[in-house]
Amino acid sequence: SIDCRGDSRMCCRQEFFVDFKEIGWEDWIIQPEGYHMNYCAGLCPLHMAGIPGLAASFHTAVLNLIKANSADAAMDSCCVPTQRRPLSLLYYDQHSNIIKTDIPDMIVDACGCT
Amino acid sequence: APRGVWCPACGLAALAPTTQRDVLIALAKQSILSKLRLSDRPNITQPMPRGALLTALHRMYAQRTDVSPGMPRDDSTSHLHPGMGSSTSRSVCLHFHFTQELAGSTEILQATLYLFWAVPGPGTHPVTVRLLQPDPTGLNTTVASETRLEVQRAGWATLDVGQAVQSLFSQGSPRLTVELEVAHDWGSPLLAGHSDSHWPFVAAQARARLPHQIQQR
């Protein structure tokens with residue numbers, strides 16, 4: 001996958017870290033220190049459909065489908081997460097119990113064009 | 001937004017960086033709270049010092065990964081007790097170690113042993129729970145108490161061990177041994193092999209024994 005740089009316009013992964021201390025949540029969230037709320041951004045013009053981050057064969061298959069269906073050239077595809085992982089939290093609940101929980105698919109590791 | 005700068009993904013005018021940051025942080029908060037099914041962030045009245053909490057958690061985890069005091073050591077390998085119950089009985093021993101600093105100046109207000117039973121099938125399954133404590137020489141163990149339970153279904157069961165733990169502490173030996181004796185066909189009465197979420201454990205409420213104030217008479 002591609003990480004967004006300053007002026008990248010194509011589909012890429014934008015890193016964004018939420019520091020729990022900065023938002024005043026460090027008293028009830030024990031671990032971790034923050035949340036990597038990365039997200040996908042960027043353009044997915046036709047010739048990029050199915051890349052990056054997905055199998056090249058998938059890309060070829062998508063392009064063939066588009067040619068076969070002479071899809072409208074104006075149609076773009078979407079820049080979406082292609083790999084995600086859980087966010088593991090250790091926190092106090094409203095009864096001050098210590099809870100450990102894994103929230104699935106909360107952290108985006110890679111982005112790609114559908 | 002600066003003139004002519006466009007959000008690459010949606011073609012709308014890009015947000016000013018500070019506005020975008022605020023929007024993303026609000027989104028992160030809402031996303032975490034909704035996944036934890038919390039309407040708002042909990043208000044912690046007495047947050048425990050972070051360092052102390054993390055030390056306790058690391059120590060608990062470290063214990064589990066090396067000596068695993070809470071985990072039943074598998075003494076049950078065809079461990080027959082002559083003269084105890086039917087000759088086909090078998091027993092499992094659990095050893096609970098309490099940290100040294102707890103043993104000295106601490107008064108145990110209550111202590112409860114939690115066991116997760118794994119029953120072999122329908123019906124009731126008798127189990128004898130013995131609390132053992134080292135004799136004064138420390139070489140052997142004596143039975144401090146014996147309880148007979150009829151287990152009908154799998155799940156958590158509790159047993160009050162406050163008296164036994166208090167007497168152990170007063171003897172200065174911070175180690176509680178629990179012996180479970182079951183009929184031979186039961187196999188292991190505890191959920192063995194599973195993740196540590198079903199390990200037996202002892203929850204105790206204790207109070208630091210304050211040094212006796214000298215009463216001015």
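What you see is a predicted model, and the numbers here were worked out from it, not measured in a lab. Residue numbering restarts at 1 for every chain, and letters A, B, ... go by the order of the sequence lines.
Rounding to the nearest 0.5 Å gives a distance of 7.5 Å between CD of B/Gln20 and CD of A/Gln14. One distance of note links CG of A/Leu87 with NZ of B/Lys35; it measures 9.5 Å at 0.5 Å rounding. Atom CG of residue B/Leu36 and atom CD1 of residue A/Ile99 lie 9.5 Å apart, to the nearest 0.5 angstrom.
Looking at A/Met106 and B/Ile32, their side chains come closer than 4.5 Å, going by heavy atoms from C-beta outward. Residues B/Leu53 and A/Tyr92 have side chains in contact (heavy-atom distance under 4.5 Å, counting atoms from C-beta outward).
Of the atoms belonging to B/Leu38, it is side-chain heavy atoms, and not backbone ones, that fall under 4.5 Å from chain A. Both the backbone and the side chain of A/Ile30 come within contact range of chain B, with heavy atoms under 4.5 Å apart.
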Listing, residues 143-154 of chain B side-chain donor-acceptor contacts under 3.5 Å, not counting sequence neighbours, or none:
unit_1: B/Glu146; atom_1: OE1; unit_2: B/Arg130; atom_2: NE; d: 2.7

Let me have the donor-acceptor pairs involving side chains of residues 16-25 of chain A, under 3.5 Å, with sequence neighbours excluded, atom names and distances please.
unit_1: A/Asp19; atom_1: OD1; unit_2: A/Lys21; atom_2: N; d: 2.7
unit_1: A/Asp19; atom_1: OD1; unit_2: A/Glu22; atom_2: N; d: 3.4
unit_1: A/Glu22; atom_1: OE1; unit_2: B/Arg21; atom_2: NH2; d: 3.0

Next on the checklist: With side-chain contact (heavy atoms from CB on, under 4.5 Å) as the criterion, how do A/Trp28 and B/Asn43 come out once you've worked through the C-alpha distance, each side chain's angles and the decisive distance to 0.1 Å?
Outcome noted: CA-CA 8 Å; A/Trp28 72 279; B/Asn43 275 321; over 6 Å; no

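Across all non-hydrogen atoms, the minimal contact from B/Ile44 to A/Asp27 is CG1-O, 4.2 Å.
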